[in-house]
Amino acid sequence: MNYSDDVIRYDEQAILCLRSLYSRYGYEPYRMSRFEEYGLYADNKAFLSSGDVITFTGTSGKLMALRPDVTLSIVKQTIDDGTTKKLYYDETIYRPEGGEFKEQMQVGLEFIGDIDVSAMGEVLMLARQSLKELSNQSRLEISHMGFLSGLLQNANLNSQQSSRLLQSVSEKNIPEINALFDEYDIDNECREKLATLVMLYGSFDETIDTLREISINEETESALLELEEVYEVLKGLDAHENVNLDFTIVNDLNYYSGIIFQGFIEGIPKKVLSGGRYDELLRRFGKQAGAVGFAVYLDLLEQQYIQYGKADADMPTVSNDMINIALPKGRLGEDAYAVFESSGYGCPGMSEESRRLVFENPENGVRFFWVKPSDVSIYVERGVADIGVVGKDILLELASDVYELLDLDMGKCRICVAAEKGYIDKQDRTLKVATKFPNISRNYYESLGRDIDIITLNGSIELAPLLGLSDVIVDIVETGTTLRENNLEAMVTITDISARLISNKASYKFKHEAISTMCDKIQRG
């Protein structure tokens with residue numbers, strides 16, 4: 001982009017650049033109201049990135065909402081007359097982020113009509129070109145929901161089971177996937193093929209042979225054929241460089257059935273582009289056309305620009321040539337560091353008594369940070385650290401958007417519901433629950449349909465039921481000694497906990513070889 005910063009802001013430059021790109025390929029501008037009836041979003045919550053929506057009562061008395069999504073509005077208003085619609089937009093949406101609603105600017109496009117391989121290739125090419133216009137250090141990641149659903153075709157899973165499994169796939173969480181397979185009694189062949197698919201990552205040429213090997217039925221063959229054909233289109237359009245296959249990109253099977261994709265820019269810790277084919281959404285509106293599109297999230301680009309300058313400049317990160325590792329202070333961190341050291345990633349000074357928090361070893365290509373245990377996943381999710389070691393309890397509580405690469409088999413404990421010995425739960429009243437883990441507690445009791453009053457504490461949780469502050473507690477139990485000494489007992493184990501090696505999703509893509517090598521050495525060690 002070649003515009004003067006003194007004349008036009010960076011986000012405006014990006015909008016003009018992308019609008020020009022889409023116009024050259026025959027896409028027309030689309031405008032819509034920033035308000036919609038709330039029912040549109042209530043009926044399609046699974047399609048939204050978050051079910052939270054800002055609502056208000058309109059002058060007509062209808063419940064209205066500030067728009068959290070553009071695609072739903074376009075699909076709702078599209079006339080299903082058999083003609084092709086090629087549309088682009090730049091619109092403000094309103095979504096929660098960090099516990100607060102924020103305005104976010106999106107630029108995107110939609111292709112609605114007869115979606116053949118050429119149309120799919122064109123949209124993917126424009127997604128790749130959009131990333132290149134914004135930064136030279138970018139890449140497009142492609143997945144296919146048909147391959148995932150094909151592998152699971154014979155598993156006979158219900159919607160809740162499929163959702164849990166897909167969530168684990170999105171985290172690259174093989175231990176959790178295996179645990180779910182045990183719970184759902186899935187055969188070994190399906191386990192092995194899905195585990196292979198989850199860990200598969202690389203260019204089309206690097207991954208296609210493996211995909212052919214694990215394809216098992218008509219649905220996976222159809223997905224494979226579409227990927228092959230689209231790749232040929234991308235090669236013909238000279239848009240196949242820095243395009244990878246990554247099947248941990250997943251979306252709701254009720255809306256997406258074909259190719260889905262995401263875009264990343266080096267130095268930005270989250271995806272900056274997201275899209276896919278969503279024919280099933282049109283079916284929900286009684287329309288027979290196909291549809292594919294994507295959106296670029298300009299707020300992420302703007303944040304990076306404000307801090308470092310233009311996205312296509314050489315933006316500094318904590319370190320581009322090292323793996324940045326966040327370790328929790330305390331015994332768990334010390335045990336975790338010993339694992340890294342024994343795997344060949346030691347760092348001078350780490351084991352010495354010191355107040356230093358940052359240590360690096362350029363020869364081994366690592367930099368370590370000591371951070372508060374509850375902050376590890378935050379450092380990783382926001383890209384300051386590439387990887388980190390954190391307890392599964394913290395990941396569940398914060399719902400961190402990271403990859404779980406390894407279960408390190410240390411720091412083992414349980415999250416349990418505990419109460420005074422002899423306590424009987426009376427189902428006819430609200431249960432008072434004291435905990436340091438309000439989100440884990442809420443999710444657990446919501447799964448049971450139980451009405452609860454959560455009391456969030458930071459100190460000695462065991463004291464709450466003894467003094468009548470709560471009926472039960474939800475807390476970490478290691479040996480159970482503290483419970484027994486206070487006349488308490490564990491009633492239910494919500495989940496087992498251990499330390500996990502996690503990775504920032506963008507870092508995993510840009511530092512894939514180095515991170516994968518490290519994981520292999522740790523597993524072998």
Side-chain angles (χ1 to χ4, degrees), residues 11 14-15 18 29-78 85 87-112 127 130 163 166-167 170 249-256 260-263 268-285 287 291-303 381 398-401 439 442-443 446:
D11 58 336
I15 290 170
L18 296 177
Y30 190 89
R31 278 298 196 195
M32 64 202 78
S33 169
R34 69 180 58 190
F35 311 129
E36 284 278 8
E37 290 188 31
Y38 172 68
L40 175 66
Y41 307 118
D43 294 339
N44 296 281
K45 279 190 174 182
F47 187 75
L48 304 174
S49 59
S50 169
D52 295 325
V53 181
I54 300 174
T55 61
F56 63 96
T57 302
T59 56
S60 64
K62 294 181 179 179
L63 185 62
M64 306 295 290
L66 282 174
R67 184 181 57 234
D69 179 83
V70 175
T71 301
L72 278 170
S73 297
I74 291 178
V75 169
K76 173 188 171 184
Q77 298 175 37
T78 294
K85 283 84 175 175
L87 311 169
Y88 73 83
Y89 59 85
D90 57 277
E91 296 285 348
T92 300
I93 61 172
Y94 303 85
R95 289 180 178 175
E97 182 181 319
E100 299 290 340
F101 278 95
K102 293 184 179 180
E103 290 187 8
Q104 299 177 14
M105 175 59 71
Q106 284 188 353
V107 178
L109 61 79
E110 311 291 345
F111 189 116
I112 300 174
S130 296
S163 179
L166 289 176
Q167 177 62 36
S170 74
I249 300 172
V250 298
N251 279 330
D252 194 303
L253 285 167
N254 294 316
Y255 295 92
Y256 295 89
I260 56 177
F261 49 95
Q262 295 177 353
I268 299 179
K270 298 181 180 181
K271 62 187 178 187
V272 298
L273 180 151
S274 182
R277 184 164 182 177
Y278 54 91
D279 295 15
E280 296 306 315
L281 178 61
L282 275 80
R283 305 295 176 267
R284 293 175 68 93
F285 284 82
K287 300 172 182 181
V292 60
F294 64 83
V296 180
Y297 309 127
L298 292 185
D299 56 309
L300 293 173
L301 295 169
E302 185 178 21
Q303 292 170 15
E381 185 173 9
L398 298 182
S400 304
D401 185 21
N439 291 326
R442 187 178 298 107
N443 291 337
E446 280 183 357

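Nothing here was measured: the structure is a model prediction, and the numbers come from that model. Starting from 1, each residue takes its place in the sequence as its number. Note that these values count all heavy atoms, side chains included, but never hydrogens, waters or copies made by symmetry.
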Asker: Going from CD1 on Ile260 to CD1 on Ile249, what distance comes out if it is rounded to the nearest 0.5 angstrom?
Answerer: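 The distance works out to 6.5 Å.
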Asker: With rounding to the nearest 0.5 angstrom, report the CD to CG distance, Glu110 to Leu87.
Answerer: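 Between Glu110 CD and Leu87 CG, I get 7.5 Å after rounding to 0.5 Å.
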Asker: Nearest 0.5 Å, please: how far is CE in Met32 from OH in Tyr89?
Answerer: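 Going from OH on Tyr89 over to CE on Met32, the span is 7.5 Å.
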Asker: Could you tell me the separation between the CG atom of Leu72 and the CG atom of Asp43, rounded to the nearest 0.5 Å?
Answerer: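 Going from the CG atom of Leu72 to the CG atom of Asp43 covers 10.0 Å.
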Asker: Output yes when a side-chain donor or acceptor of Arg67 lies under 3.5 Å from a complementary backbone atom of Thr92, and no otherwise.
Answerer: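 A pair under 3.5 Å: yes.
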Asker: Partners of Lys62 by salt bridge (charged side-chain N to carboxylate O under 4.0 Å, His left out), sequence neighbours excluded?
Answerer: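 Partners of Lys62 under the salt bridge (charged side-chain N to carboxylate O under 4.0 Å, His left out) test: Glu37.
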Asker: Where is the tightest heavy-atom contact between Ile93 and Pro68, given as atom of each residue plus distance?
Answerer: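 Minimum heavy-atom contact is CD1-O, 3.9 Å.
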Asker: How long is the gap from CZ on Phe111 to CZ on Arg277, to the nearest 0.5 Å?
Answerer: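 Taking CZ in Phe111 and CZ in Arg277, the distance rounds to 10.0 Å.
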Asker: Taking ring-ring contact (aromatic ring centres under 6.0 Å, His included) as the test, write out the residues that go with Tyr256, two or more places apart.
Answerer: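 Counting only residues at least two positions away or on another chain, Tyr256 forms a ring-ring contact (aromatic ring centres under 6.0 Å, His included) with Phe47.
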Asker: Under 3.5 Å, is there a donor-acceptor pair between the side chain of Arg284 and the main chain of Asn44?
Answerer: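 Checking the backbone N and O of Asn44 against the side chain of Arg284, no donor-acceptor pair under 3.5 Å is found.
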Asker: Any side-chain heavy atom of Asp69 sitting closer than 4.5 Å to one from Leu40?
Answerer: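 SC-SC contact between Asp69 and Leu40 ruled out.
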Asker: Rounded to the nearest 0.5 Å, what's the gap from CZ on Arg95 to CD on Glu103? Could you check?
Answerer: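 Taking CZ in Arg95 and CD in Glu103, the distance rounds to 13.5 Å.
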Asker: Surrounding CZ of Arg34 (heavy atoms of other residues, nucleotides or ligands, distance under 6.0 Å), is the total greater than 12?
Answerer: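 Check fails, neighbour count at 12 or below.
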Asker: Between Arg31 (side chain only) and Asp90 (backbone N and O only), is there a donor and an acceptor less than 3.5 Å apart?
Answerer: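 Present.
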Asker: For residues 53-75, which residue pairs pass the ring pair (Phe, Tyr, Trp, His ring centres under 6.0 Å) check, not counting sequence neighbours?
Answerer: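 Those involving residues 53-75 are Phe35-Phe56.
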Asker: Go through it in stages, so that I can follow the logic: the residues are Phe294 and Leu109, the test is side-chain contact (heavy atoms from CB on, under 4.5 Å), and I'd like the CA-CA distance, side-chain angles, deciding distance and then a yes or no.
Answerer: CA-CA 6 Å; Phe294 64 83; Leu109 61 79; 3.6 Å; yes
Asker: For Leu282 and Thr78, what are the C-alpha separation, side-chain angles and deciding distance, and is it a side-chain contact (heavy atoms from CB on, under 4.5 Å)?
Answerer: CA-CA 9 Å; Leu282 275 80; Thr78 294; 5.7 Å; no
Asker: Closest heavy-atom contact between Ala291 and Asp279?
Answerer: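 Smallest heavy-atom distance, with atoms named: N-OD1, 3.0 Å.
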Asker: For Gly276 versus Phe261, what's the shortest heavy-atom pair and its separation?
Answerer: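 Taking every non-hydrogen atom into account, N-CE2, 3.5 Å.
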Asker: Mind checking side-chain hydrogen bond (donor to acceptor under 3.5 Å, both in side chains) for Ser400 and listing every partner two or more places apart, or none if nothing turns up?
Answerer: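 side-chain hydrogen bond (donor to acceptor under 3.5 Å, both in side chains) check on Ser400 returns Ser377.
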Asker: If you take all heavy atoms of Leu273 and Tyr297, which pair is closest and at what distance?
Answerer: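 Result for this residue pair: N-CD1, 4.1 Å.
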Asker: Using a 4.5 Å cut-off on heavy atoms from C-beta on, say whether the side chain of Phe101 contacts that of Leu66.
Answerer: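 Not touching, per the 4.5 Å side-chain cut-off.
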Asker: Using the rule given for side-chain contact (heavy atoms from CB on, under 4.5 Å), can you reason through Glu381 versus Leu398, listing the C-alpha separation, both sets of side-chain angles and the distance that settles it, and then say yes or no?
Answerer: CA-CA 11 Å; Glu381 185 173 9; Leu398 298 182; over 6 Å; no
Asker: Test side-chain contact (heavy atoms from CB on, under 4.5 Å) on Asp252 and Tyr278; report intermediate values, then the result.
Answerer: CA-CA 10 Å; Asp252 194 303; Tyr278 54 91; over 6 Å; no
Asker: Only counting residues at least two apart or in another chain, list the ones meeting salt bridge (charged side-chain N to carboxylate O under 4.0 Å, His left out) with Glu36.
Answerer: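 Only Lys76 meet the salt bridge (charged side-chain N to carboxylate O under 4.0 Å, His left out) criterion with Glu36.
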Asker: Does a side-chain heavy-atom distance below 4.5 Å link Lys85 with Ile74?
Answerer: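 Side-chain contact under 4.5 Å: no.
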Asker: Tell me every residue that passes salt bridge (charged side-chain N to carboxylate O under 4.0 Å, His left out) with Lys287, counting only those two or more places apart in sequence or in another chain.
Answerer: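 Once residues adjacent in sequence are excluded, Lys287 has no partner under the salt bridge (charged side-chain N to carboxylate O under 4.0 Å, His left out) criterion.
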